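Structure first, then comments.
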Amino acid sequence: MATLIGWIVRAVVFGSVVMYGAMGEILTEKAGHLNLGTPGIMCTGGAFGFAAAYAYENAVDNPNFLVCILVAVGTAFLAGALAGLIYCFLTATLLVNQNVVGLTLTIFGVGVGKFFGTYVIPEGAVSTKAVFANKVFIAKIPGLSGLGIVGELLFSYGFMIYLAIVLAIVVHLFLSRTRVGLNLRAVGENPATADAAGINVTKYKYCAIMIGSGITGLGGVLYVLDYGNGTWATASGDAIEALAWLSVALVIFVRWNTLRAIWGSYLFGLCYWAYNYVPTLIGVNVSTELAQMLPYIVTIVILILGCTHMKQENQGPAYLGQSYFREDR
Amino acid sequence: MSSAEHKLAIEMKNISKSFGHAVANNKVNLDVRYGEILSLLGENGSGKTTLMNMLSGIYFPDGGQILIKGQEVTIRSPHDALELGIGMVHQHFKLVDVFTAAENVVLGLKDKHSMKQVEERIASICDKYGFEVDPKKKVYNMSVAEKQTLEIVKVLYRGADILILDEPTAVLTPQETEKLFHVMNNMKADGKAIIIITHKLNEVLSVSDRVAILRKGESVGTVETKDATESSLTELMVGKKVELNIERPLVKDRQLRLSVEHLSVDNEYGAKVLKDVSFEAYSGEILGIAGISGCGQKELLEAVAGLQSTAAGSSIRYTAPGAEPEELLEKNARQIRECGVALSFVPEDRLGMGLVGSMGMTENMLLRSYSEGKSPFLSMKEPKHLAKKIKKELEVVTTGINTPVRKLSGGNVQKVLVGREIANAPSVLMTAYAVRGLDINTSYTIYRLLNEQKKKGVAVIYVGEDLDVLLALSDRILVLCEGQVNGILDAKTTTKEEVGLLMTNLKSEGGTSHA
């Protein structure tokens, strides 16, 4: 039983990192932009969020709980949004090919994250830990988390796990119920139509991509300060990158719906961590590498099933990946 | 009628616009009054759409003045245009497929109405002018006519009192066109200014009050419709007299070429797109195929060309001159082509099928002959020769045979496409929408080409949209309705109304087909 609970808890934390990335990517894709820079953005967010939290707790004698959250989360969001701004300027204003810019941004973002992260690590060491920030990020809900199995399964997580769920619901309601959300979807579906309807396509793209990238950045800080035990190591950048690609896969898996991303991301987490828990649970040894492929395999199967019988609403934005220029002939 | 009738809605003065070196509009003047319908007439590439796009904020003029209600204005974006009360219904609908009608209507609006209030307002607009729109219907479930209605409702909802309709009738059946003209007259009576772009002269004459004519990007003049005739308008438009009669030469000794029996095609969702279609095509004959768009024309032609998988029980037999019938369904697309069955399909975007936009004419010719010859290298000699021949014989306007065909105007692209298919000397020639979006002059060139083929003993299958043309050009007309053959008529004796009725009303099942 303890193994099962341990598996689920691990999967939820892991999944939440992926969920942030996926939500960011969904917002971006709804504006018609395929951002393959997600790993880079998440890595930048994680590195700067960690660095800010680390600097804060080392600078003051009595670090404050709330200030720590604001500093870490705020910096991660900002760093992500700025990385998104680079992407947006290149693709939405200069109309450079989105795939090329995205992939380049991944390389660039991971590099930037590792470069600045290294500055924080003391000379001679391979990693360093933000002890207080880690405590803040994994603080369980007092009282409720002590309620036996229910408490462990539902209330034993840091605040960012719940924030992810709230955000998923908010983003979903925003996209499906509000006029602004409707306009944003129109931009991704058919920018010429949106333009003709008087929607400022460029403004919508910048807002959606920058906010989306900021949310992706939050995934990075969650990774470092909670999932990664508050430790930034020289290899953290690569680890975030590997995980962030799952976010891009999750977007397709949940068919651009952030509500589905909640359980989808946890399922990814379960698949990813199966190698560590399933052998104990059923007493059979599974190869780690094979087991960790599961989320990708699930995505591919969904794609195959989906491409034949998918309702039009469940498909990606029609104009995804294409540049829009009003006077194009 | 109110005094608004004579008030000027739009004045465009000396408007110019160039794209690179190409001059689309050169010092064009145009004026429209409230309470009138103005037709904007001109050949392909004469700059009609460009001119209108400057009113709707898609393009920004290089020079000239635009006055709305007597005030000089600057229209920088579609948003500005809407603020000024200008609404344009584009040739390619600007609708989001996965949205409902109501969602499309409110797109980009800043009002605070709930969806229910929006639906009520849509209903009241529909009542006022006689539209039919289901606000909850998704656009991808709509027919072309429904989409167009929605586009018009959309601009009216936004309070437009100047409406621009870019070739609204190109995709409608006669009945639908009549309905459209009816609501246009209602809007006119309500004091709105309406500009309609169309190629069809009979429509210009029947619906508009005045006609403005553009030729090669310049305004040729504006005439009162009551003083105009089809030939006077054509002369103004083309700059010379054009023979407006479609020939229907009678070819004797017709032979069976194609025999289609019980042809059924399922789409990817398992629904029947074609249902038990049977017909025959003869040499020396043009078989017209009529039907509202998307009721199986594309699948029918593709099935014959071997590009579409067919349901069990289907049979398509081809009889080459002096040979035994062969079953085409057992062959692949290339074998069918080698038999002499050619398909020249003109899709909506013209370059989507058949031609590669970034290649020149020569290389596009090569696409049909690449498998010929034994050498591993391509032989450019034949295709080059053919490209030159087509350019000369069909008067293709291009800077050179190696200019990417993407840069050619729509009519010239179509000539290249049809020319290449004809060059293979097919014995069955299928064309779909060969004159879609083409101006009068070019259309008649295409009709002449098809007639020449017919006289040579080719069995021509012509899928068309314009019923007047279908009636004049074809020998027999096959009417498709919901993927079924709803009648095969003699084009010499039938009427437009009869064809239109068959296009929209499926005869009850259990009729002759089951006897």
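Just so you know, these numbers use all the heavy atoms, side chains as well, and skip hydrogens, waters and symmetry mates. In this text the structure is predicted, and so the values were computed from the model without any measurement.
Distance check: Phe99(B) CZ to Asn190(A) CG gives 9.5 Å after rounding to the nearest 0.5 Å. Separation of atoms NZ (Lys110(B)) and CZ (Arg179(A)) is listed at 11.0 Å; rounding is to 0.5 Å.
The backbone N or O of Gly108(B) sits less than 3.5 Å from a side-chain atom of Asn183(A), completing a donor-acceptor pair.
Among Val96(B), Val106(B), Asn104(B), the one residue that satisfies the side-chain contact (heavy atoms from CB on, under 4.5 Å) test with Leu182(A) is Val106(B).
For Asp111(B), the parts lying near chain A are the backbone and the side chain together; criterion is any non-hydrogen pair under 4.5 Å. When heavy atoms are compared at a cutoff of 4.5 Å, Val118(B) approaches chain A solely by way of its side chain, counted from C-beta outward.
At a heavy-atom cut-off of under 4.5 Å, chain A is reached by Ser77(B), Pro78(B), His79(B), Leu82(B) from residues 77-89 of chain B, listed in order of number.
Annotation for Phe108(A): atom CZ does not count as buried by contact number, only 12 or fewer foreign heavy atoms lying within 6.0 Å. When the shell of 6.0 Å around NZ of Lys69(B) is examined, it contains more than 12 heavy atoms from other residues, nucleotides or ligands.
The two atoms that bring Lys94(B) and Ala192(A) nearest to each other are CD-O, 3.5 Å, heavy atoms only.
When the candidates His113(B), Lys112(B), His90(B) are compared by the number of heavy-atom contacts under 4.5 Å with chain A, His113(B) comes out ahead.
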